[in-house]
Amino acid sequence: MTTIRAIRGMSDILPDESERWQYLERTVAGVLASYGYGEIRLPIVEQTALFRRSIGEVTDIVEKEMYSFDDRNGESLTLRPEGTAGCVRAAIQNSLLGTVQRLWYSGPMFRYERPQKGRQRQFHQIGAEVFGVVTPEIDAELILMTARLWRALGVAEHVELQVNSIGNSASRQAFRAALVEYLSAHHAALDEDSQRRLLSNPLRILDSKHPGTQAVLTHAPLLADYLDDESKADFVRVRELLDAAAVPYVVNPSLVRGLDYYNKTVFEWVTDRLGAQGTVCAGGRYDSLVEQLGGKPTPGIGFAMGKERLVLLLEALEAAPAAVPAVDVYAVNSGGGAEIAAFTALETLRSALPGLRIVQHTGGGSFRSQLKKADKSGARWALIWGDDEVANATVTVKSLREQAEQVALPLAELAGFLQRGTAS
RNA sequence: GUGGCCGUAGCUCACCUGGUAGAGCACCGGAUUGUGACUCCGGAGGUAGCGGGUUCAAGACCCGUCGGCCACCCCA
């Protein structure tokens, strides 16, 4: 019989690792809450049209990376490849857009890509979106919030903030035309990928890694020269606010986004500790997306961070707190009546001390082998029930981590004893 | 979608230039009475990813396929 394996690029997160994930999630949720963001929980499946209309028809995501399928009605559905579209849809549908909204979400996203370090087909993001603020201080707020997050996670020294403005749609189109014209004149010097992108997504050529293409780009027209006045002024303001907050950044003129809905401020947090997939968080403004999706014109801005990548970074930097044992107390028994005594006493103990993590040994075996498991579990105490304990209505408490005589306690004193021990 | 490297016990790996598989860790049991850790003894566990080919003989060589990792691409 062939064994069934997980789908390629979709991995299990085992208890060992999930501890680090929880640390990340707790920390992020705390920082988001401190800025007044509320959590929104969104479906994982949406109508395919939502993503086609928001992300852009000619993007790689829509053209070749979406998990799309027809449901039983023949309606085309898609496993969300990103979070913003669904969030905007929800904001419109639930009439959230009359006032300023600060929202965040967390969960799995799906993209059919070739897996590699920091890239899965099912991956996980935490994202934040703000609706209803035109002015650039919200751009700065979001960036400051992420900067605070890196400090909270202890990775601030190893991530770099890159910012850019890609202007409004008119200025971007003008720039795109100029860029295409220039690059077409140097067509032969471009690498194959870039030649292809000349037709599909010319802005993407800017961050090509190909040396020949980079050489051509040194004399290419600059996006900054095509920016409209408002975008320019807003970008200046964003930088002022970042400077005032002493958040270091570099302006990366070739920073563009892969999704069509972005405009004006875009930013990315990058690390050099993760190999080729170094972007750990990225976002930007999307002032016409709400309207594009059928809502009344509402400015928007947001970012998403990749949880896998952040977990890898925490790992690489050993920034997450050390793993702690999952068990405080491991109870062993000699079977029969002792097992019954243990069951009832442990239920009582769990009621008395709800925070205490208690594992009851299962599967029988000698005291010797049971205590081996108690030790392996990392528990601080072993509780022992045998015939003597049952006869005397006591339990033997054995300390596994420090030198101390084991004691036989009347059952009534067990909770108090462990509570005092936990406090010390 | 393209490329490189790799697939031997649960894990990490060895078996050098082909002669029918091994270590460490983990696991299980034991070292006289109901007691973990350190130590010692013993045990279980692999049709060498799968399929084909070359050969007297293949885990080692060749081809295909599947899977993994990394990179391109793309992106968080």
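So that the names make sense, note that chain A is the first sequence line, chain B the second, and so on, each numbered from 1. Keep in mind the model is a prediction, meaning the values are calculated, not measured.
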- [ ] Would you tell me whether Y286(A) and Q292(A) have side-chain atoms, one donor and one acceptor, within less than 3.5 Å of each other?
- [x] no
Whole-Å distance, M66(A) CE to rC75(B) P, equals 14 Å
### Query
Is there a donor in the side chain of E25(A) and an acceptor in the side chain of S106(A), or the other way round, less than 3.5 Å apart?
no
For this session: Describe the nucleic acid contact of E389(A) in one word from base, sugar-phosphate, nothing, applying a heavy-atom distance below 4.0 Å.
Result: base
Does rC75(B) have its OP1 or OP2 closer than 4.0 Å to a side-chain nitrogen or oxygen of R309(A)?
no
RNA chain B nearest-nucleotide lookup for Q403(A) and G386(A): closer to the 5′ end is G386(A)
Of the candidates rG34(B), rC72(B), rC74(B), the side chain of A276(A) sits closest to rC72(B)
Looking across every strand, which nucleic acid part, if any, lies under 4.0 Å from R5(A) by heavy atom: base, sugar-phosphate, or nothing?
-> sugar-phosphate
_I'd like the P distance from rU35(B) over to rG43(B), given in whole Å._
25 Å
Rounded to whole Å, CD of E65(A) lies from C1' of rC75(B) at a distance of 8 Å
As its Watson-Crick or G-U partner within any shown strand, both distances under 3.5 Å, rA21(B) has none
From CD of E308(A) across to P of rC69(B) the rounded distance in Å is 12 Å
Heavy-atom nearest nucleotide on RNA chain B taken for D388(A) and for E268(A); more 5' hit belongs to D388(A)
Whether the E129(A) and Y105(A) side chains hold a donor-acceptor pair (N or O, under 3.5 Å, no angle test) is what I'd like checked.
yes
Worksheet item: How far, in whole Å, is rG18(B) from rG53(B) if one measures between their C1' atoms?
Response: 15 Å
task: Look at K209(A) and rA71(B) and indicate whether a side-chain polar atom (N or O) is within less than 4.0 Å of OP1 or OP2.
output: no
As its Watson-Crick or G-U partner within any shown strand, both distances under 3.5 Å, rG1(B) has rC72(B)
For rC28(B), the nucleotide meeting Watson-Crick or G-U wobble distances (both under 3.5 Å) is rG42(B)
Worksheet item: So, Q125(A) side chain and M109(A) main chain: donor-acceptor pair closer than 3.5 Å or not?
Response: no
Among rG67(B), rC74(B), rG29(B), the one nearest any side-chain atom of Q277(A) is rC74(B)
E405(A) CD to rU35(B) P, in whole Å, measures 15 Å
Ranking rC74(B), rG36(B), rG1(B) by distance to the side chain of Y112(A), first place goes to rG1(B)
Suppose we call a contact any N or O donor and acceptor under 3.5 Å apart; does that hold for the side chain of Q406(A) and the base of rU35(B)?
yes
Looking for any heavy atom pair under 4.0 Å, which part of the strands does K373(A) touch: base, sugar-phosphate only, or nothing? sugar-phosphate
Say we look at rA71(B) and rA14(B): how far apart would their P atoms be, to the nearest angstrom? 22 Å
Over all strands shown, is K64(A) touching base, sugar-phosphate only, or nothing at heavy-atom distances under 4.0 angstrom? nothing
| query | Below 3.5 Å, does any donor atom in the side chain of Q116(A) face an acceptor in the base of rG68(B), or the other way round? | reply | no
**Asked** Strictly by modelled atom types, are T146(A) and W269(A) linked by a side-chain donor-acceptor pair under 3.5 Å?
**Response** yes
_Between rG10(B) and rU47(B), how far apart are the two P atoms, rounded to whole Å?_
9 Å
*Sticking with atom P, work out how far rA48(B) lies from rU20(B), rounded to a whole angstrom.*
15 Å
In whole angstroms, the gap separating P of rG34(B) from NE2 of H361(A) amounts to 16 Å
- [ ] Would you check if the side chain of Y182(A) reaches a backbone N or O of V216(A) as a donor-acceptor pair within less than 3.5 Å?
- [x] yes
If pairing means Watson-Crick or G-U wobble with both distances under 3.5 Å, then the partner of rC15(B) is none
**Q.** Base of rC73(B) paired with side chain of R119(A) (donor-acceptor, under 3.5 Å)
**A.** yes
- prompt: So, are R111(A) and E82(A) salt-bridged, with charged N and O less than 4.0 Å apart?
  reply: no
Check your understanding: For atom P, what is the distance between rG64(B) and rC25(B), given to the nearest Å?
Key -> 41 Å
Under 4.0 angstrom, heavy atoms only, what part of the nucleic acid is A282(A) near: base, sugar-phosphate, or nothing?
sugar-phosphate
Atom NZ of K117(A) and atom P of rA71(B) are separated, to the nearest Å, by 7 Å
Answer for the Watson-Crick or wobble partner of rU55(B), both distances under 3.5 Å, is none
Q | Nearest-Å distance once atom P is located in both rG46(B) and rC11(B) | A | 13 Å
- Which part of the nucleic acid, if any, lies within contact of I126(A), taking any heavy atom under 4.0 Å across all strands shown: a base, the sugar-phosphate backbone alone, or nothing? nothing
Exercise. Using the P atom as the reference point in each nucleotide, state the distance between rA58(B) and rU2(B) in Å, no decimals.
Key: 33 Å
Looking only at rA31(B), rG34(B), rA76(B), the nucleotide nearest the F367(A) side chain is rG34(B)
Per atom distances to the S366(A) side chain, the nearest of rG36(B), rG30(B), rC73(B) is rG30(B)
query = Is the base of rC66(B) touched by the side chain of R8(A) through a donor-acceptor pair closer than 3.5 angstrom?
reply = no
Re rC50(B): Watson-Crick or G-U wobble partner, both distances kept under 3.5 Å, found to be rG64(B)
Which of rU35(B), rC73(B), rC75(B) is nearest the side chain of T396(A)? It is rU35(B)
Worksheet item: When all nucleic acid strands are considered with a 4.0 Å heavy-atom cut-off, which category describes G283(A): base, sugar-phosphate, or nothing?
Response: nothing
If pairing means Watson-Crick or G-U wobble with both distances under 3.5 Å, then the partner of rA9(B) is none
- Got a salt bridge between D234(A) and K264(A), using NZ or NE/NH1/NH2 to carboxylate O under 4.0 Å? yes
Do you see a donor-acceptor pair shorter than 3.5 Å between the side chains of Y35(A) and R148(A)?
yes
Among rC27(B), rG67(B), rA31(B), the one nearest any side-chain atom of K376(A) is rC27(B)
In whole angstroms, the gap separating C1' of rG34(B) from CG of N333(A) amounts to 12 Å
L14(A) CG to rA26(B) C1', in whole Å, measures 16 Å
Do the side-chain N or O atoms of R197(A) get closer than 4.0 angstrom to the phosphate oxygens (OP1, OP2) of rC74(B)? yes
